[in-house]
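Single-structure report; data block below.
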Amino acid sequence: MIKGPHRQESKRLSIRFWAFFLQCMKACAGWRRFLFCFPLVFILPHLFSVLELHQNQAVTDAPKENTQKFDVRNSLVGDDAPKKANKKFDHLVLGPAAGEGLPNRLQCRGVKALNKTHFSNPSHASGVGDGIAFVTVFTIYNNSPDNPVNSKLSNLVTVGNASYSKPERSMAIINVFINFIQMIMPQSNVIVLTDPESDLSLHQNRVTVLPIQGEYSRDKLMLQRIRSYIAFLGIRLEKLSQEQGRITHFIFTDSDIAVIDDLGQIFEQYKDFHLALTFRNNKDQPLNSGFIAVRGTHDGILRAKEFLEKVLEVYSSRYMKASRMLGDQLALFWVVKSDPSFDAKGFSKAQAFTKEIGGASVLFLPCATYNWTPPEGAGQFHGMPLDVKVVHFKGSRKRLMLEAWNYFSSSTEISDMLCLILKSGRTKYDF
């Protein structure tokens, strides 16, 4: 339906047309003139219809901006995916849930799960078995988050009932990272490797802040992360010779992940690997460095350290132009594919496999389970597998990580929280 000024314009066009039509009929008085003008009786109304249809279409195609905001309550009623792919949102936006109707995929109605994800029985819950420690690299930029002047100058963002300045956002992410680990694997430890000059203070139980000397600038942080991992493994090798008893395995991760299932089973199910990497079906960047597991034996730590030293060498010699982003992943893949025995066809199926790479036994785990990301969940992963164990909020999904924890804190249903994450897979956020 045409409304307002467009309807008035249509009326004026109609009046002008019929006036012109009557004048033509008067000019065709007489039978010879009438025979000549007779086809106009059919042609002119047809032309008018075409003009009117074109005008209506122009009105219909006028751009309309969808500014509807979504929160958990109205997402139960209806969904709407973002219309502009490049727009980054400052509020939760939900769209269709990928994987609908597929077997072994999470099924959702709104943000309520219709089936449940498969969670492991925690092998570490009673303190029996080997220990697990998560290791991440984290530092603070732009002064301390406790600096009131800095907080006032920074742009505030709001998630739930909390508002964050830029430094406070980073602290919120690392705190939620720890919260997920302590909820799912309460007997595990968290070790945060940081710049000795960073004013970093974390007060949760079983959390250790370990300063490692290095270059933690934004442009060199990915390079420094590998150096910090190598330095940490060197420290552990020295301590291992002095310690006896329980073994501690290490899982090196980005700080923007959520652990949603027990990961101790990796070291129990796969007995012979030294380190584990995660892969996806991506020709140029099949390996993601956001998750690296290392067996805590002397041989496991030594082989993992030597492997990462090769990665660092390739990174420094070949990929320094990508030192800010992706260089570590490109270097990882270079070391792996350079081994004569390696066949990249193994990345085409989401199944774990082990290969000997440069003297280290490397376990390759599918990202779909151990490093699931919202954009890939909406794409090549075809939804969320029911056995997903790690959700990685990489890129412009940091807000979603906080939104997910905020929702889980009020609902306590992991599967429902995963529906919220799944339905937001196509959305980019403001941080």
Side-chain angles (χ1 to χ4, degrees), residues 120-124 128-136 181 185 188-189 191 225-226 229-230 232-237 240 246-254 257 259 261-281 286-312 314 328-329 331-372 385 387-390 392:
S120 306
N121 294 321
S123 58
H124 62 279
V128 177
D130 298 333
I132 305 290
F134 290 85
V135 184
T136 191
I181 291 172
M185 302 176 65
S188 62
N189 295 308
I191 301 169
R225 180 171 68 172
I226 296 180
Y229 287 174
I230 293 170
F232 174 79
L233 291 173
I235 294 172
R236 290 304 306 172
L237 273 178
L240 200 60
R246 194 181 185 196
I247 292 174
T248 298
H249 305 299
F250 300 100
I251 301 176
F252 296 82
T253 75
D254 290 352
I257 72 158
V259 176
D261 195 11
D262 173 58
L263 296 176
Q265 52 81 32
I266 296 174
F267 301 95
E268 296 180 357
Q269 183 176 352
Y270 306 99
K271 299 289 188 181
D272 299 325
F273 75 92
H274 295 129
L275 74 154
L277 305 174
T278 56
F279 72 92
R280 65 247 169 132
N281 189 16
L287 300 176
N288 185 279
S289 58
F291 183 101
I292 301 174
V294 174
R295 188 173 296 280
T297 62
H298 181 276
D299 200 32
I301 294 175
L302 177 62
R303 298 296 184 186
K305 181 175 177 290
E306 292 172 345
F307 179 90
L308 291 178
E309 286 172 342
K310 294 176 185 176
V311 172
L312 178 61
V314 172
D328 54 342
Q329 298 183 158
L332 266 177
F333 185 39
W334 179 269
V335 171
V336 169
K337 73 178 182 179
S338 296
D339 191 280
S341 65
F342 185 77
D343 186 355
K345 291 181 181 179
F347 294 150
S348 62
K349 295 182 179 180
Q351 297 176 354
F353 64 98
T354 304
K355 286 290 182 180
E356 194 82 11
I357 305 292
S361 177
V362 182
L363 170 65
F364 293 91
L365 298 168
C367 281
T369 299
Y370 293 93
N371 203 338
W372 187 95
D387 62 348
V388 66
K389 300 181 185 302
V390 175
H392 189 173

message: Evaluate Tyr229 against Phe307 for ring pair (Phe, Tyr, Trp, His ring centres under 6.0 Å), listing each step before the verdict.
response: CA-CA 11 Å; Tyr229 287 174; Phe307 179 90; over 10 Å; no
message: Can you confirm if the aromatic rings of Phe342 and Phe347 lie within a centre distance of less than 6.0 Å?
response: yes
Which heavy-atom pair separates [X] from [Y] by the least distance, and what is that distance?
{"X": "Arg280", "Y": "Leu287", "result": "NH2-O, 4.2 Å"}
{"X": "Met185", "Y": "Ser188", "result": "O-OG, 2.6 Å"}
{"X": "Phe291", "Y": "Asn371", "result": "CB-ND2, 3.8 Å"}
{"X": "Gly296", "Y": "Ile301", "result": "O-CD1, 3.7 Å"}
{"X": "Pro385", "Y": "Ala368", "result": "CG-O, 3.5 Å"}
{"X": "Ser289", "Y": "Arg225", "result": "OG-NH2, 2.8 Å"}

Between atom [atom1] of [X] and atom [atom2] of [Y], what is the distance when rounded to the nearest 0.5 Å?
{"X": "Asp254", "Y": "His392", "atom1": "CG", "atom2": "NE2", "result": "4.0 Å"}
{"X": "Asp299", "Y": "Leu237", "atom1": "CG", "atom2": "CG", "result": "10.0 Å"}
{"X": "Ile266", "Y": "Ile132", "atom1": "CD1", "atom2": "CD1", "result": "8.0 Å"}
{"X": "His274", "Y": "Glu356", "atom1": "NE2", "atom2": "CD", "result": "7.0 Å"}
{"X": "Tyr370", "Y": "Leu277", "atom1": "OH", "atom2": "CG", "result": "13.5 Å"}
{"X": "Asp130", "Y": "His249", "atom1": "CG", "atom2": "NE2", "result": "3.5 Å"}

query: Would Arg295 count as a cation-pi partner of Phe273, with NZ or CZ less than 6.0 Å from the six-membered ring centre and within 45° of the ring normal?
result: yes
query: Just wondering, more than 12 heavy atoms not from Asp343 lying within 6.0 Å of its CG?
result: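 Correct, the count exceeds 12.
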Are the side chains of [X] and [Y] in touch, meaning some heavy atoms are under 4.5 Å apart?
{"X": "Ile247", "Y": "Thr297", "result": "yes"}
{"X": "Asp328", "Y": "Val311", "result": "no"}
{"X": "Arg303", "Y": "Leu275", "result": "no"}
{"X": "Leu233", "Y": "Leu308", "result": "yes"}
{"X": "Cys367", "Y": "Trp372", "result": "no"}

- request: Run the numbers on Ile251 and Val135 for side-chain contact (heavy atoms from CB on, under 4.5 Å), then give the verdict.
  value: CA-CA 6 Å; Ile251 301 176; Val135 184; over 6 Å; no
field: Steps toward side-chain contact (heavy atoms from CB on, under 4.5 Å) verdict (Thr354, Asp272)
entry: CA-CA 9 Å; Thr354 304; Asp272 299 325; over 6 Å; no
Is it true that a side-chain atom of [X] and a backbone atom of [Y] form a donor plus acceptor pair closer than 3.5 Å?
{"X": "Thr278", "Y": "Leu365", "value": "no"}
{"X": "Lys349", "Y": "Gly346", "value": "no"}
{"X": "Ser348", "Y": "Lys345", "value": "yes"}
{"X": "Asp339", "Y": "Gly358", "value": "yes"}

task: Go through Val336 and Val362 one step at a time and tell me if the side-chain contact (heavy atoms from CB on, under 4.5 Å) criterion holds.
output: CA-CA 9 Å; Val336 169; Val362 182; 5.7 Å; no
task: Indicate yes or no: does Glu306 engage Lys310 in a salt bridge with an N to O separation below 4.0 Å.
output: no
- prompt: Which one of Phe232, Phe267, Phe134 satisfies the ring pair (Phe, Tyr, Trp, His ring centres under 6.0 Å) criterion with Phe250?
  reply: Phe232
